[in-house]
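The sequence lines fix the lettering, A, B, ..., with proteins before strands; numbering per chain opens at 1.
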Number of protein chains: 2
Amino acid sequence: MSRADQPLHGDEPVTSRRERARLRREEIIGIASELFAERGYRGTSLADVAGRAGITEPGLLHHFGNKAGLLLAVIERRDLDSEAFAMELLGMEPAERLRALPEFARRNRERAGLAKLFTVLVAESLEPDAPGHDHFVARYRALRAIVADTIRSAREAGLTRAGLDPEVKAAEIIATLDGLQTQWLLDPEAVDIVAAVESYARTLERDLTGS
Amino acid sequence: MSRADQPLHGDEPVTSRRERARLRREEIIGIASELFAERGYRGTSLADVAGRAGITEPGLLHHFGNKAGLLLAVIERRDLDSEAFAMELLGMEPAERLRALPEFARRNRERAGLAKLFTVLVAESLEPDAPGHDHFVARYRALRAIVADTIRSAREAGLTRAGLDPEVKAAEIIATLDGLQTQWLLDPEAVDIVAAVESYARTLERDLTGS
DNA sequence: CCTAACTTACTTAGTACTCGGTAAGTGAGT
DNA sequence: ACTCACTTACCGAGTACTAAGTAAGTTAGG
């Protein structure tokens with residue numbers, strides 16, 4: 001049919017076997033993320049994931065080793081996503097970062113699945129021997145450190161009031177955003193997440209500057 | 001052995017069969033609460049609960065009908081507990097309620113299981129068709145209404161600054177307390193829940209009064 | 001340049017086990 | 001006599017995971 005040197009079969013774009021497998025893996029991770037968000041890690045079976053991905057259970061295990069391996073892959077990809085946002089934030093002026101929060105909320109609203117995935121997986125990881133526990137502990141510590149650093153640098157620039165503990169305030173800020181997200185996920189009709197975060201950003205600005 | 005009319009066997013107090021069954025039911029609910037907190041509703045099997053309660057699975061189902069019935073019983077009892085606290089709060093002067101928050105945190109710290117149970121069950125109830133969904137939606141709406149009312153009455157008494165939306169602020173307050181609790185449950189060594197709530201209570205007082 | 005050796009990405013079939021739930025009793029207490 | 005709190009004995013469906021094989025693709029040696 002084709003006189004090209006590359007082995008073109010059908011309409012498929014030219015991709016190496018390795019590349020195709022990588023894409024397949026990514027696709028499976030996406031499917032697993034959706035299912036984990038809806039039913040939790042424990043509530044999702046390998047058969048559920050495999051079925052929706054159009055693969056067999058052993059085919060799935062070939063890629064991820066075991067069920068916990070699949071969870072780890074899901075968590076890792078979610079992290080890449082939120083890391084991108086963190087870098088975006090860190091690229092701004094500290095004062096500007098506050099104003100980025102509503103935009104963050106707006107973005108999250110369009111991807112409720114990702115937010116739900118995170119909330120569900122954290123709750124399933126509270127026990128010390130849960131498969132994702134150590135990961136989420138490390139993530140929250142890192143997140144608190146980033147926010148605390150932001151507060152510290154703003155303080156050194158003379159932008160904040162005296163008498164606030166950056167670590168405690170960091171935990172408080174993250175807690176509020178997480179908690180609002182949970183209430184919104186549970187009852188989207190009753191909670192306007194964007195309005196709530198906008199209001200909180202203003203509250204936080206008053207709190208930090210002591211105005 | 002004994003010439004008493006009442007059938008005393010061993011050290012057991014005299015209780016009717018009905019009363020004994022009720023106590024047994026309560027005991028089972030306590031056991032199920034612990035297991036649900038540790039492993040979630042989905043992660044806990046009837047066999048787990050029955051085994052720890054020293055009963056068979058059908059024996060368990062005799063009391064609760066099915067697994068969702070057991071969950072409902074667990075949720076109901078948790079509600080009785082937190083309702084008692086809500087009444088306690090409502091008995092105080094609005095201004096006093098803020099000062100009760102750290103005491104609330106201190107109490108919760110001693111009963112981490114109850115806090116964990118709540119966090120886990122909420123996350124498992126995010127999906128609209130989850131067994132506990134409607135219950136938690138109603139609970140959060142009621143809780144927001146109570147807090148919003150408190151803010152409104154404080155405002156009418158001229159105790160708060162202008163320009164705050166009671167509903168939005170209520171969601172924010174509940175979110176912060178929930179979020180702090182989650183961080184503490186995940187990593188008790190890194191997060192001092194009592195100190196964090198004490199700090200937040202002060203922040204909140206400044207925010208509400210506009211001082 | 002071709003082919004044989006090897007690797008990768010799966011599949012079919014089945015393992016041992018757990019799941020929530022039911023039918024039919026049993027035996028003690030009222 | 002009857003009820004109630006159970007137990008024994010199941011069931012069909014689902015659980016994560018494994019063993020063994022296959023077709024296709026990749027790579028090294030002649």
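- A heavy atom lying under 4.0 Å from DNA chain C marks none of the residues of residues 122-130 of chain B.
- Here C/dT8 presents its C1' atom at 14 Å from CZ of A/Arg24, a figure rounded to the nearest Å.
- Counting to the nearest Å, the C1' atom of C/dA9 and the CZ atom of A/Arg22 are 16 Å from each other.
- Between B/His62 and the phosphate of D/dA5, there is a side-chain N or O to OP1/OP2 separation shorter than 4.0 Å.
- The shortest side-chain heavy-atom distance between B/Glu38 and B/Leu117 does not fall under the 4.5 Å cut-off.
- Not one side-chain nitrogen or oxygen of B/Arg20 sits closer than 4.0 Å to the OP1 or OP2 atom of C/dA28.
- With sequence neighbours excluded, no residue satisfies salt bridge (Lys or Arg N to Asp or Glu O under 4.0 Å) with B/Lys67.
- Panel note: side chain A/Glu124, backbone A/Arg42; a donor-acceptor pair is recorded below 3.5 Å.
- Of the N and O atoms on the side chains of B/Thr150 and B/Arg97, at least one donor lies less than 3.5 Å from an acceptor on the other residue.
- In this entry the distance linking CD of A/Glu27 with P of C/dA9 reads 15 Å, nearest Å.
- Every residue meeting the salt bridge (Lys or Arg N to Asp or Glu O under 4.0 Å) condition with A/Arg139, not counting sequence neighbours, appears here in chain and number order: A/Asp79.
- Taking 4.5 Å as the limit, every side-chain heavy atom of B/Lys169 sits out of range of all side-chain heavy atoms of B/Asp165.
- Note: CG (A/Leu60) to P (C/dT11) measures 10 Å, nearest angstrom.
- Residue pairs satisfying the ring-ring contact (aromatic ring centres under 6.0 Å, His included) criterion with at least one member in residues 106-143 of chain A, sequence neighbours excluded, are listed as follows: A/Phe118-A/Phe136.
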Exercise for review: Going 5' to 3' through nucleotides 10-20 of chain D, assign each nucleotide B (protein heavy atom under 4.0 Å from a base atom), S (under 4.0 Å only from sugar-phosphate atoms) or - (no protein heavy atom that close).
Suggested key: -----SBBB--
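- Residue B/His63 places no side-chain N or O under 4.0 Å from the OP1 or OP2 atom of D/dA5.
- Not counting sequence neighbours, B/Arg202 has no partner by the side-chain hydrogen bond (donor to acceptor under 3.5 Å, both in side chains) test.
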